[in-house]
Amino acid sequence: MYYLNTDGPVKMFGMVLRDEIYVDKSLLAQKVSQSIGTWNRFICITRPRRFGKTMNANMLGAYYTKGFDTSSLFTSLALSQTPEYKKHLNCYNVVHIDFSARPDFCDCYEDYIRDILSSLRSDLANAYPALKGREYSSISRMFQETGDSFIFIFDEWDSVFCEPYMTRQNKEAFLRFLKGLLKDKPYVALAYMTGVLPIAKYSSGSELNMFREYNFMNDQVFKTYFGLTAQEVKILCDTHKGVSYEELKQWYDGYYMSDSQGLFNPRSVCCALAEGVCRNYWTETGPMNEIADCIEHNVSEVREDIVHMVAGIPIEIQLDGYSAAEQSLTHRNEILSAMVVYGFLSYNDGVLRIPNHELMEKFQQVLSRDSMGEVKQIVETSKKMLEATLAMDEQTVAHILEEVHDREIPFLVYNDENALSCVITLCYLYARKDYRIEREEKTGKGYCDYIFYPKKAHKPAILLELKVNESPENALMQIHSKGYLQKAADCGEVLLVGIGYDKKQKLHQCRIEKQTPGHTLV
């Protein structure tokens with residue numbers, strides 16, 4: 001069998017259960033089962049890649065299929081304790097298709113869909129011998145002739161749309177195939193489908209309007225089954241001591257469920273716990289150039305948003321329906337919506353931000369691309385800015401700030417503190433290679449504008465305070481009087497950087513002091 005009651009999902013889910021790190025999401029099946037044989041039997045889950053869609057699809061396939069006895073897989077899982085567990089266990093014909101799979105030789109859509117159709121026909125003929133030797137004008141008629149009902153599980157249904165050979169006519173043909181197979185068909189007991197992008201991205205008509213789509217923004221039903229909750233991550237940290245919860249939160253948290261509860265990136269958390277170190281895992285598993293591609297569709301409108309978010313300044317915006325329905329991506333809302341759908345940005349309660357440190361590192365790389373125009377030129381000087389700071393070269397630091405401020409970039413004009421923060425972020429972008437930079441870090445008596453925590457022990461920490469229409473000396477006094485040094489107490493040597501900007505004279509000044517534990521300031 002290729003798709004019908006195949007052992008593929010059984011084997012794949014069994015591998016997941018044998019893995020060192022597993023979070024039980026089996027209660028998803030309890031929720032999904034409520035839709036079997038009802039008018040609401042069409043479910044589409046859209047999430048960014050690596051958020052558990054395939055694992056859950058395999059789990060559902062293993063649970064429902066009548067092709068195998070899979071009770072041993074579920075004995076220790078939460079699903080087995082539910083009242084209706086046995087009612088649905090191994091009781092259905094399951095058609096499980098991973099639409100991201102391709103035949104060995106596939107140069108066009110016709111090769112792709114022909115392989116799927118021939119496999120379905122072969123499966124049905126083998127399972128129902130009475131169908132052999134008969135001609136059917138459509139695969140749906142063949143299903144109908146069986147007299148049985150089926151559960152359809154379609155994983156990564158939208159993956160074929162990314163293939164270069166897919167023309168507009170091919171996409172329309174694929175939508176008609178799904179419509180003809182599923183819509184208004186009595187043999188469909190359940191259709192469970194996963195993808196990355198919203199159905200509206202591809203289907204503007206009625207082809208797939210029978211599906212109820214659940215995404216990050218509107219999902220009140222399945223929200224806890226895709227991604228890891230804070231409680232789940234804390235439990236994992238109790239059994240895997242290599243990485244602390246605080247580290248995982250900084251690196252991989254920052255997504256939201258529809259009720260504003262936080263979510264961690266599951267792929268990255270599991271990899272970090274398994275390897276004992278936090279680094280970029282999720283961003284290395286796919287085409288992260290999609291970030292830059294989104295920006296490059298309309299640099300002039302989106303560039304400012306990206307710089308603000310890299311500076312730690314959230315963007316207030318209303319994104320309509322969390323949708324990327326337009327394929328052209330020519331407007332700000334369309335581009336930002338697409339970036340949310342891909343998982344590059346998080347959106348909650350009308351606020352858009354870069355989710356976490358893992359994504360922040362990628363966005364910092366984007367600022368160095370040619371498409372970012374003058375922003376790239378500023379970023380290129382950021383190495384000199386760090387070198388000057390570490391050398392306590394106050395004049396060079398002030399001079400670089402003057403140069404950046406004099407560039408005719410509207411969002412770098414000092415109308416508010418955010419603009420000054422954007423300048424600092426761009427000027428110190430190179431420093432992020434050696435430092436973890438926190439903006440407005442809370443301290444005992446207030447907030448320090450920037451704290452640079454060194455990633456390596458031989459580097460000094462940097463406390464940076466900004467003042468508008470005040471002297472840099474006043475900035476340094478605030479660092480001392482507010483006790484900001486306490487935040488860098490474990491860092492050894494600390495540089496205190498005070499920056500003052502005089503609006504009237506349009507003049508930057510800088511003062512730098514060195515604090516060494518047990519010694520006076522120099």
Worksheet entry | His240 atom NE2, over 12 foreign heavy atoms within 6.0 Å | yes
Discussion item. Taking NZ in Lys384 as the centre, count heavy atoms belonging to other residues, nucleotides or ligands within less than 6.0 Å. Is the count above 12?
Written reply: no
Practice prompt. Would you check if the distance from the ring center of Phe51 to the ring center of Tyr255 is below 6.0 Å?
Written response: yes
Item to complete: Please confirm whether Phe161 and Phe174 have ring centers closer than 6.0 angstrom.
Response: yes
Check for a donor-acceptor pair, side chain of [X] on one end and backbone N or O of [Y] on the other, with a separation under 3.5 Å.
X: Ser258; Y: Asp219; answer: yes
X: Asp305; Y: His308; answer: no
X: Asn58; Y: Gly61; answer: no
X: Asp19; Y: Val16; answer: no

Are side-chain heavy atoms of [X] and [Y] found at a separation under 4.5 Å?
X: Leu208; Y: Phe42; value: no
X: Asn265; Y: Leu359; value: no
X: Leu190; Y: Ile43; value: yes
X: Phe363; Y: Met309; value: no

Contacts of [X] that satisfy ring-ring contact (aromatic ring centres under 6.0 Å, His included) - sequence neighbours left out:
X: Tyr256; value: none
X: Phe154; value: Phe99, Phe152
X: Tyr109; value: none

Worksheet item: Which residue pairs satisfy the salt bridge (charged side-chain N to carboxylate O under 4.0 Å, His left out) criterion with at least one member in residues 251-260, sequence neighbours excluded?
Response: Lys223-Asp259, Lys249-Asp253
Worksheet item: What salt bridge (charged side-chain N to carboxylate O under 4.0 Å, His left out) pairs are there with at least one residue in residues 271-280, not counting sequence neighbours?
Response: Glu275-Arg279
Would you tabulate the side-chain donor-acceptor contacts of residues 428-435 under 3.5 Å, counting partners in other chains and residues two or more places apart, or write 'none'?
unit_1	atom_1	unit_2	atom_2	d
Tyr428	OH	Thr389	OG1	2.7
Tyr435	OH	Pro460	O	2.7

Worksheet item: How many angstroms lie between atom CD of Glu246 and atom SG of Cys278, to the nearest 0.5 angstrom?
Response: 11.0 Å
Discussion item. Once rounded to the nearest 0.5 Å, what's the spacing between atom OG1 of Thr381 and atom CE of Met385?
Written reply: 8.0 Å
Worksheet entry | Cation-pi geometry met for Arg436 and Tyr453 (6.0 Å, 45°) | yes
